[in-house]
Number of protein chains: 2
Amino acid sequence: MSDTRGRRQETGNGAPKPPMREAIVEAAFELFLSRGFEQTTIDDIVTLAGVGRRSFFRYFPAKETVVFPDHERCLADMTRLLGIDPDEGAPVDRVCDAARLVLRMYAENPDFSVRRYRLTKQVPGLRAHELSVVWRYERMLAEYLRARFANRPDGALRADVVAAAVVAAHNNALRSWLRSGATVDATAAMDEALAFVRESFGCAEAPDDVVVVVSRRGVPMWRVVQEIESATAAGSGSPPEGN
Amino acid sequence: MSDTRGRRQETGNGAPKPPMREAIVEAAFELFLSRGFEQTTIDDIVTLAGVGRRSFFRYFPAKETVVFPDHERCLADMTRLLGIDPDEGAPVDRVCDAARLVLRMYAENPDFSVRRYRLTKQVPGLRAHELSVVWRYERMLAEYLRARFANRPDGALRADVVAAAVVAAHNNALRSWLRSGATVDATAAMDEALAFVRESFGCAEAPDDVVVVVSRRGVPMWRVVQEIESATAAGSGSPPEGN
DNA sequence: GGCATGGATGGCACTCAGTACCCCCGATTA
DNA sequence: TAATCGGGGGTACTGAGTGCCATCCATGCC
């Protein structure tokens with residue numbers, strides 16, 4: 001029974017990973033797509049994969065997690081990326097780069113991503129699980145921004161809102177790419193979506209050498225100067241130091 | 001809903017016409033808070049509430065849903081609110097009002113909301129379920145905005161990002177209110193958070209007392225400040241520190 | 001009063017996800 | 001060869017969620 005073999009399928013790069021994990025994922029997707037998620041039991045999966053039932057839960061803590069096998073690694077990658085020189089670069093640019101990391105992970109396995117998309121779109125339980133995965137990315141971006149915005153007034157608010165906007169922009173670009181069947185270029189829509197976010201929060205570089213500031217009367221002068229500095233610093237929105 | 005009255009019903013079916021739903025919620029919270037969510041079984045809840053096990057699942061489709069008993073009604077309220085004269089008012093203002101509706105629901109039962117907050121904060125399963133609830137609000141706001149932005153270029157992107165930003169601002173204000181133990185005023189932080197979102201997406205008011213400054217890049221900052229000061233002569237607070 | 005009907009509830013049995021505990025087997029090492 | 005260790009398997013158990021049916025009760029009709 002435990003005979004190996006059978007279905008050993010490489011999903012792109014020849015990784016020195018345990019083959020059993022891949023076998024479980026392959027079998028699960030085959031069954032989920034053919035007969036549905038709820039209609040597939042763990043026993044069905046392990047029977048098709050040729051492994052023991054107990055082994056399934058050794059690799060995946062829950063039935064839903066088998067659909068998102070690579071997010072833990074991506075989360076770790078993002079942690080590492082944001083941990084490199086955390087105070088360098090404009091904060092919003094840093095989280096945009098972090099979001100691009102996620103898109104890249106999807107783009108590495110286009111057909112796997114498209115199959116998963118079709119699945120999560122129509123299975124509420126998988127959608128819910130995807131939400132909690134996305135939430136972890138968003139929290140990580142927000143935590144990073146909170147540290148960067150610590151000396152700003154309402155820094156936490158700004159951090160939460162910007163993180164949510166970046167994630168929403170990423171999701172918008174990702175979904176349109178997935179809906180196209182992963183045929184077009186993913187990064188183009190992503191760049192456009194992130195550009196919208198950056199210009200919304202005053203982090204975009206101006207197209208020409210003119211900057212326009214609109215302010216209400218009564219706004220404290222230091223806020224005005226802050227906005228001007230962030231707008232004229234060639235896209236770097238970092239707050240003034242030493243405050 | 002959160003009023004503590006009529007706690008456990010008699011085990012026998014001699015209840016006059018009791019709100020069984022309320023009894024289940026009350027019993028569930030009592031047990032969840034005292035011994036924990038995972039440590040409480042459905043049997044514990046229905047025994048304390050004095051109802052049959054089958055009745056629990058008649059009112060709540062899953063164990064987690066008993067913690068969010070009023071969101072279905074609030075979702076319906078929001079649907080109705082956005083459906084009234086959908087094309088009236090500024091789109092962002094409309095979704096901000098919709099978000100205020102949710103905050104108001106929380107504020108109607110402060111101690112219930114605080115108890116729930118302490119629960120969801122430390123139970124991953126409840127956090128995941130809350131995410132799917134919030135997602136439904138966000139989708140509703142996004143769908144509304146997509147309709148309003150249908151003729152704009154990138155209307156769908158703008159709709160998704162603005163909806164996410166509004167939800168994030170709402171959550172930020174809501175959480176700081178809940179963290180305070182519901183002692184302060186909830187609407188003040190909410191208004192400030194939503195104001196930030198509105199000004200980020202170019203929807204801030206200030207139709208009359210507005211000053212516009214146009215400057216070429218490279219102009220020294222002191223010149224810009226000089227111009228602004230002369231234009232805003234009424235002006236302003238003081239900069240943060242002597243920096 | 002007797003009876004039919006429909007909604008609300010309780011009881012029971014079942015499936016399946018997830019877990020605890022223990023066993024097996026092969027490889028490495030003292 | 002014995003001891004150990006680690007990956008995998010098997011079994012039984014708990015508990016969530018569902019389907020089916022019996023029961024109770026209120027209402028309405030004859």
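In what follows, every chain begins at residue 1, and chains take the letters A, B, ... in the order their sequences are listed. Computed over heavy atoms, backbone and side chain alike; hydrogens, waters and symmetry mates excluded.
The nearest whole Å value for the distance from the CD1 atom in B:Ile45 to the P atom in D:dG15 is 12 Å. Atom-to-atom, CD1 of B:Ile24 to P of D:dA16 comes out at 14 Å; the value is rounded to the nearest Å. Between B:Gln39 atom CD and D:dA16 atom P the separation is 11 Å, expressed in whole Å. The CZ atom of A:Arg21 sits 16 Å away from the C1' atom of D:dG8 (whole-angstrom rounding).
For B:Ser55 and C:dT9, the shortest distance from a side-chain N or O to OP1 or OP2 is not below 4.0 Å.
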Dump every N/O contact between nucleotides 12-19 of chain C and the protein below 3.5 Å, one line per pair.
unit_1 : atom_1 : unit_2  : atom_2 : d
C:dA17 : OP1    : A:Lys63 : NZ     : 3.3
C:dA17 : OP2    : A:Ile42 : N      : 3.3
C:dG18 : OP2    : A:Lys63 : N      : 2.7
C:dG18 : N7     : A:Arg53 : NH2    : 2.4
C:dG18 : O6     : A:Arg53 : NH2    : 3.2

Exercise. Can you list the steps and then say if A:Glu143 with A:Arg139 is a salt bridge (Lys or Arg N to Asp or Glu O under 4.0 Å)?
Worked result: CA-CA 6 Å; A:Glu143 287 304 319; A:Arg139 286 325 299 165; 3.6 Å; yes
Can you list, pair by pair, the side-chain donor-acceptor contacts under 3.5 Å of residues 81-89 of chain A, counting residues two or more places apart and other chains?
none

Can you list, pair by pair, the side-chain donor-acceptor contacts under 3.5 Å of residues 46-54 of chain A, counting residues two or more places apart and other chains?
unit_1  : atom_1 : unit_2  : atom_2 : d
A:Thr47 : OG1    : A:Asp43 : O      : 2.6

Enumerate, atom names and distances included, each donor-acceptor pair closer than 3.5 Å involving a side-chain atom of residues 172-185 of chain B, sequence neighbours excluded.
unit_1   : atom_1 : unit_2   : atom_2 : d
B:Asn172 : ND2    : A:Asp160 : OD2    : 2.8
B:Ser176 : OG     : B:Ala173 : O      : 3.0
B:Trp177 : NE1    : B:Val184 : O      : 3.2
B:Ser180 : OG     : B:Trp177 : O      : 2.7
B:Ser180 : OG     : B:Ala182 : N      : 3.4
B:Ser180 : OG     : B:Thr183 : N      : 3.4
B:Thr183 : OG1    : B:Ser180 : O      : 3.0
B:Asp185 : OD1    : B:Thr187 : N      : 3.4
B:Asp185 : OD1    : B:Thr187 : OG1    : 3.2
B:Asp185 : OD2    : B:Thr187 : OG1    : 2.9

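Take B:Thr79 and apply the side chain to side chain donor-acceptor pair (under 3.5 Å) test, not counting sequence neighbours, and it matches no residue.
Listed by first and then second residue, the ring-ring contact (aromatic ring centres under 6.0 Å, His included) pairs that reach into residues 62-95 of chain A are A:Phe68-A:His71, A:Phe68-A:His129, A:His71-A:Tyr106, A:His71-A:Tyr137, sequence neighbours excluded.
Among the atoms of the strands shown, only primed sugar atoms or phosphate atoms (P, OP1, OP2) are found under 4.0 Å from some heavy atom of B:Tyr59.
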